[in-house]
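For ligands, and for the atoms within them, numbers begin at 1 and follow the listed sequence. This structure is a prediction, so every number in the text was calculated from the model and none was measured.
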Amino acid sequence: MSSAPGNPEHRCRICGGRVTEFFDFGRQPLSDAFLEKPPADEFFYRLAVGSCASCTMVQLMEEVPRDRMFHAGYPYVSSGSSVMRDHFAKAAGRFLETELTGPDPFIVELGCNDGAMLRVVAEAGVRHLGVEPSGGVADLAAAKGVRVRKSFFEEAVAREIRAQDGPADVIYAANTLCHIPYLDSILRGVDALLGPDGVFVFEDPYFLDIVERASFDQIYDEHFYFFTVGSVRAAARPYGLELVDVERLPVHGGEARYTLARAGARTPAPAVAELLAEEQARELTAEATLAAFGARVERARERLVTLLTELKGQGRRVAGYGATAKSATVLNYCGIGPGLIPFICDSTEAKQGTVTPGSHIPVRGPEAFADPYPDYAVLFAWNHAAEIMAKETAFEQAGGKWITYVPEVRVV
Ligand code: SAM
Ligand code: TMP
Ligand code: ZN
């Protein structure tokens with residue numbers, strides 16, 4: 001499961017090539033393991049990231065067993081952001097207009113969560129199935145009229161779905177594929193389930209954006225892979241799948257949406273070669289690029305801790321905004337606890353009344369933010385900045401200031 005730091009024998013989960021580690025965040029808790037009260041035996045693992053010398057896939061050096069992360073108590077709900085609700089409604093609309101126009105179309109979503117996307121498909125009366133292992137959020141989807149199978153998608157499950165429901169016209173996964181180390185089983189499953197002219201569409205944080213913005217908090221237990229056009233193309237090829245389109249998305253701090261089809265079934269769009277050329281020109285996984293990324297991460301830690309320590313010394317009141325999974329990396333890597341950030345507010349009910357994993361900062365509801373407003377708020381949900389700042393204008397009117405750390409530490 002793990003390798004020693006810098007172990008030259010660490011093998012790529014995709015191609016078996018040699019993976020070279022480029023950053024070690026040290027001991028980290030599970031990013032979504034919010035705690036009722038700090039237990040004596042909290043689970044920790046080593047969070048380190050490396051790049052494969054052969055296929056360029058960027059990946060974690062250690063894998064956390066999937067049942068520890070995705071279970072009935074998994075707290076993340078997709079519909080917590082109005083921007084994301086719109087994003088998924090639009091994605092569903094596009095599938096309904098383009099790919100799901102045949103006589104009895106069928107779409108399968110991996111990691112459908114609370115049904116933010118499939119709800120729209122269900123309302124349109126189109127045949128669908130969500131495959132979602134986390135029971136709590138799967139129940140939320142079912143309550144919206146979504147047909148859900150509570151399981152991890154993998155090859156055997158894909159074969160069962162194919163036998164029961166027939167081939168899929170679309171297989172879709174948002175912020176889910178990068179969570180799955182056993183990508184070989186997923187791609188064999190896609191091969192078994194996808195119709196002859198079907199498409200496998202997935203969107204995940206784009207490594208080019210992560211490097212550009214030094215958004216190091218995208219690296220945590222659930223984000224096992226960090227995809228690029230180059231690495232996705234290489235990973236799909238052995239399974240008879242071809243990358244036929246790619247689109248950059250503004251959501252979640254910069255993502256890419258990849259469209260795969262059976263090799264030769266569709267003509268690749270120019271965007272594939274264009275973005276690949278850009279990745280190559282930027283030398284995204286070259287040693288110097290990754291070392292520069294690491295230096296920016298270390299600088300961010302130093303500046304954030306210095307800033308928060310100074311503000312505390314001046315008697316300023318600081319709160320956190322958004323108890324994101326991403327914040328686990330920031331807080332635990334920087335060693336920030338309730339001494340520097342006394343509480344974090346978050347709109348997710350399941351997170352309220354808990355403490356954050358590892359750093360043990362209390363999480364409160366959004367109403368605590370205004371009671372009274374703090375002087376400074378660290379925006380851990382920086383990927384939702386526009387939505388949150390529009391909602392919290394009274395904070396700024398009261399003299400409050402936002403602190404962000406992507407692409408660098410600054411007071412906004
Ligand atoms: N698609 C939603 C979105 O974009 O907001 C949810 C993303 S959430 C970060 C990742 C989801 O993937 C979780 O709901 C988790 O339970 C699910 N998941 C993890 N492994 C999976 C697998 N093997 N098959 C299907 N879903 C999986
Ligand atoms: P995410 O960055 O993984 O989508 O997580 C966003 C977190 O921020 C999630 O726990 C919900 C929370 N949040 C708020 O508290 N208020 C908001 O307005 C938004 C959009 C998110
Ligand atoms: Zn590889």
**Message:** Using heavy atoms and a 4.0 Å limit, tell me yes or no: is Y76 in contact with ligand 2?
**Reply:** yes

Starting from [atom], which protein heavy atom do you reach first, and at what distance in Å?
atom	result
atom 24 (N) of ligand 1	F153 N, 2.9 Å
atom 8 (S) of ligand 1	Y74 OH, 3.6 Å
atom 20 (N) of ligand 1	F152 CD2, 3.8 Å
atom 3 (C) of ligand 1	S78 OG, 3.3 Å
atom 23 (N) of ligand 1	Y182 OH, 2.9 Å
atom 27 (C) of ligand 1	P133 CD, 3.4 Å
atom 12 (O) of ligand 1	T176 OG1, 3.3 Å
atom 8 (O) of ligand 2	D346 OD2, 3.5 Å

**Message:** Within 45 degrees of the ring normal and closer than 6.0 Å to the centroid, is that where the cationic atom of R301 sits relative to Y333?
**Reply:** yes

**Prompt:** Hey, does the Lys NZ or Arg CZ of R316 hover above the aromatic six-ring of Y376, less than 6.0 Å from the centre and inside 45° of the axis?
**Reply:** no

**Prompt:** Which atoms of ligand 1 sit under 4.0 Å from any heavy atom of N175?
**Reply:** 3 (C), 4 (O), 7 (C), 8 (S), 9 (C), 10 (C)

**Ligand-residue contact atoms, ligand 1 with V131, heavy atoms, under 4.0 Å** = 25 (C), 26 (N)

**Asked** Has E287 got more than 12 heavy atoms of other residues, nucleotides or ligands less than 6.0 Å from its CD?
**Response** no

Counting both backbone and side chain atoms, is some N or O of [X] under 3.5 Å from an N or O of ligand 1?
X	value
S151	no
H179	no
L110	no
N113	yes

Show me which atoms of ligand 2 lie under 4.0 Å from any heavy atom of [X].
X	result
H252	4 (O)
N383	1 (P), 2 (O), 4 (O)
K326	1 (P), 2 (O), 3 (O)
K351	9 (C), 10 (O)
T348	9 (C), 10 (O), 11 (C)

If you measure every N/O of [X] against every N/O of ligand 2, is any gap under 3.5 Å?
X	value
H384	yes
K391	yes
E387	no

**Message:** According to salt bridge (Lys or Arg N to Asp or Glu O under 4.0 Å), does anything in residues 379-398 pair up with another residue at least two apart or in another chain? List the pairs.
**Reply:** none

Is there a side-chain contact between [X] and [Y], using heavy atoms and a 4.5 Å cut-off?
X	Y	answer
E99	P105	no
F226	Y206	no
V170	F200	no

**Request:** Begin with the C-alpha distance, continue with both residues' side-chain angles, and end with the deciding distance and a verdict on side-chain hydrogen bond (donor to acceptor under 3.5 Å, both in side chains) for E255 and H87.
**Result:** CA-CA 12 Å; E255 300 208 318; H87 172 80; 5.5 Å; no

**Message:** Quick test of your reading of the structure: of S347, C345, S327, whose heavy atom lies closest to atom 15 (O) of ligand 2?
**Reply:** S347

**Request:** Run down the list M117, E132, E109 and name the one with the heavy atom closest to atom 15 (C) of ligand 1.
**Result:** E132

**Prompt:** Angle class for the F216/Y405 ring planes (parallel below 30°, perpendicular above 60°, tilted otherwise)?
**Reply:** tilted

**Request:** Give the ring-plane orientation class for F70 versus Y74, where under 30° counts as parallel, over 60° as perpendicular and anything between as tilted.
**Result:** perpendicular

**Request:** State the count of protein N/O/S atoms located less than 2.8 Å away from the Zn ion (ligand 3).
**Result:** 4

**Asked** Of the backbone atoms (N, CA, C, O) and the side-chain heavy atoms from C-beta on, which set of M84 has a member under 4.0 Å from an atom of ligand 2: side chain, backbone, both, or neither?
**Response** neither

May I ask you to check whether [Y] and [X] place their ring centres under 6.0 Å from each other?
X	Y	result
Y220	H223	yes
F95	Y172	yes
Y321	F369	yes

